[in-house]
Amino acid sequence: MSHILITSGPTREYIDPVRYLTNASSGRMGAALARAALELGHAVSIVSGPVEVDYPAEAALFPVVTTAEMAAACAELFPHCDGLIAAAAPCDYRPHTVAEHKLQKSGHGLTLDLTETVDIVAGLADLRQGQWLVAFALETRDAHFRAMQKLQRKSCDLICVNGPAAIHSADTRVSVLDRNGMVVGEFMGDKQAVARGILDVIERHLVRGSATA
């Protein structure tokens, strides 16, 4: 069986000691994927941002807060894993500077200078030594086209495409695309059922040696 690394949940990028940028990712998809992988007999490590969901006790959990922390934890764990499922929704931007003290209202607007965060999946692709990579792409338009751009940019083997309706929801709809842009799986319903479908695709196309790195 394989050892699968799963990223899950959001990250937080602090503006000051009490305020931060984030998104509404609940971690439900990551938890469902972990359960589905464990059902198949795989070992699972989860790197998760702050969430309220419960992860399976059989999985090794590594909690993080920021995107940089998630990237560092993944870089440490990935060489010891057989593959990655990147279901997390890390922040793409962080404040260029973080205020030392809580920002006070001044009666005027506030402009934030934002910097791109590290690309976790692309960074792990540079470290790969035979591991497979599966990413998620949440898109609001041109979903197939943008997902394929992401797959190529991050050197993934498969990409799971969903929409904003999946955020913080018990249900989701996912299309799984391969490197050629072919739909190799489509699933809709509660996230646990969808996760089992995704793991079935990963089993058939990656775990059993069908993909090449």
Side-chain angles (χ1 to χ4, degrees), residues 3-15 20-27 29-30 33-34 44-51 61-98 112-164 166-167 174-181 198 202 206 211-213:
H3 185 177
I4 300 176
L5 176 61
I6 297 174
T7 67
S8 180
T11 60
R12 296 175 179 174
E13 300 297 336
Y14 278 83
I15 298 169
Y20 51 80
L21 304 175
T22 192
N23 60 64
S25 175
S26 66
M29 192 74 244
L33 288 163
V44 175
S45 293
I46 304 170
V47 177
S48 176
V51 296
L61 178 61
F62 301 85
V64 297
V65 176
T66 68
T67 303
E69 289 172 353
M70 182 173 282
C74 288
E76 183 174 345
L77 293 166
F78 185 63
H80 310 289
C81 295
D82 299 294
L84 166 75
I85 306 176
C91 289
D92 292 327
Y93 296 93
R94 62 175 176 80
H96 185 68
T97 58
V98 180
L112 295 177
D113 183 11
L114 302 179
T115 302
E116 283 194 1
T117 55
V118 62
D119 189 320
I120 296 173
V121 178
L124 295 179
D126 291 337
L127 298 176
R128 72 195 299 179
Q129 293 184 337
Q131 295 101 324
W132 46 263
L133 300 175
V134 178
F136 273 68
L138 190 154
E139 303 295 343
T140 59
R141 60 190 177 95
D142 301 327
H144 188 118
F145 174 74
R146 293 177 183 274
M148 286 307 299
Q149 284 187 317
K150 187 173 185 178
L151 179 150
Q152 293 163 5
R153 186 173 68 250
K154 297 173 183 286
S155 300
C156 295
D157 297 292
L158 298 172
I159 195 155
C160 303
V161 190
N162 57 6
I167 298 176
V174 170
S175 296
V176 185
L177 309 180
D178 67 11
R179 287 179 172 180
N180 298 316
I198 293 171
I202 291 173
L206 302 178
T212 56

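Only a predicted model underlies this, so the values are computations on that prediction, with no experimental measurement involved.
Using a 4.5 Å heavy-atom cutoff, the side chains of I4 and C81 are not in contact. With a 4.5 Å cut-off on side-chain heavy atoms, L21 and P95 count as touching. Under the 4.5 Å side-chain criterion, counting only non-hydrogen atoms from C-beta, L206 is in contact with V134.
When only modelled atom types and interatomic distance are considered, T67 and T11 share a side-chain donor-acceptor pair under 3.5 Å.
Nearest heavy-atom pair, I85 versus W132, reported as atom, atom and distance to 0.1 Å: CG1-CZ3, 4.0 Å. Nearest heavy-atom pair across V47 and A73 is CG1-CB, 3.9 Å. Taking both residues in full, the closest heavy atoms of A147 and I159 are given as O-CD1, 3.4 Å, listed atom of the first, atom of the second, then distance. Smallest separation of non-hydrogen atoms from V64 and P50: O-CD, 3.6 Å. In terms of heavy-atom proximity, L33 sits nearest to I6 at C-CD1, 3.8 Å. Taking each heavy atom of Q131 and F78 in turn, the nearest pair found is NE2-O, 3.1 Å.
None of V98, L114, L112 except one satisfies the side-chain contact (heavy atoms from CB on, under 4.5 Å) rule with I15; the exception is L112.
D157 has a carboxylate O that lies under 4.0 Å from a charged side-chain N of R128, or vice versa, which qualifies the two as a salt bridge.
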Going through the distances and angles, do S48 and T7 end up as a side chain to side chain contact (heavy atoms under 4.5 Å, CB included)? CA-CA 6 Å; S48 176; T7 67; over 6 Å; no
Working note: E13 + T22, criterion side chain to side chain contact (heavy atoms under 4.5 Å, CB included); need CA distance, chi angles, decisive distance, verdict. CA-CA 7 Å; E13 300 297 336; T22 192; over 6 Å; no
Stepwise side chain to side chain contact (heavy atoms under 4.5 Å, CB included) test for I202 and L158: CA-CA 8 Å; I202 291 173; L158 298 172; 4.3 Å; yes
Begin from the C-alpha positions of N23 and I167 and carry the test side chain to side chain contact (heavy atoms under 4.5 Å, CB included) through to its verdict. CA-CA 9 Å; N23 60 64; I167 298 176; 5.7 Å; no
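The environment of CD in Q149 is crowded: more than 12 heavy-atom neighbours from other residues, nucleotides or ligands sit within 6.0 Å.
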Determine all donor-acceptor pairs shorter than 3.5 Å in which one atom belongs to a side chain in residues 137-146; sequence neighbours excluded.
unit_1, atom_1, unit_2, atom_2, d
H144, NE2, G181, O, 3.3
R146, NE, R141, O, 3.3

Give every donor-acceptor pair under 3.5 Å between a side-chain atom in residues 115-127 and any protein atom, sequence neighbours left out.
unit_1, atom_1, unit_2, atom_2, d
T115, OG1, H96, ND1, 3.3
T117, OG1, C91, O, 2.6
T117, OG1, D92, O, 3.2
D119, OD1, V121, N, 3.3
D119, OD1, A122, N, 3.0
D119, OD1, K154, NZ, 2.8
D119, OD2, K154, NZ, 2.8

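Residue L61 holds its CG atom at 9.5 Å from OG of S45, rounded to the nearest 0.5 Å.
In this view, Y14 and Y20 satisfy the ring-ring contact (aromatic ring centres under 6.0 Å, His included) rule, not counting sequence neighbours.
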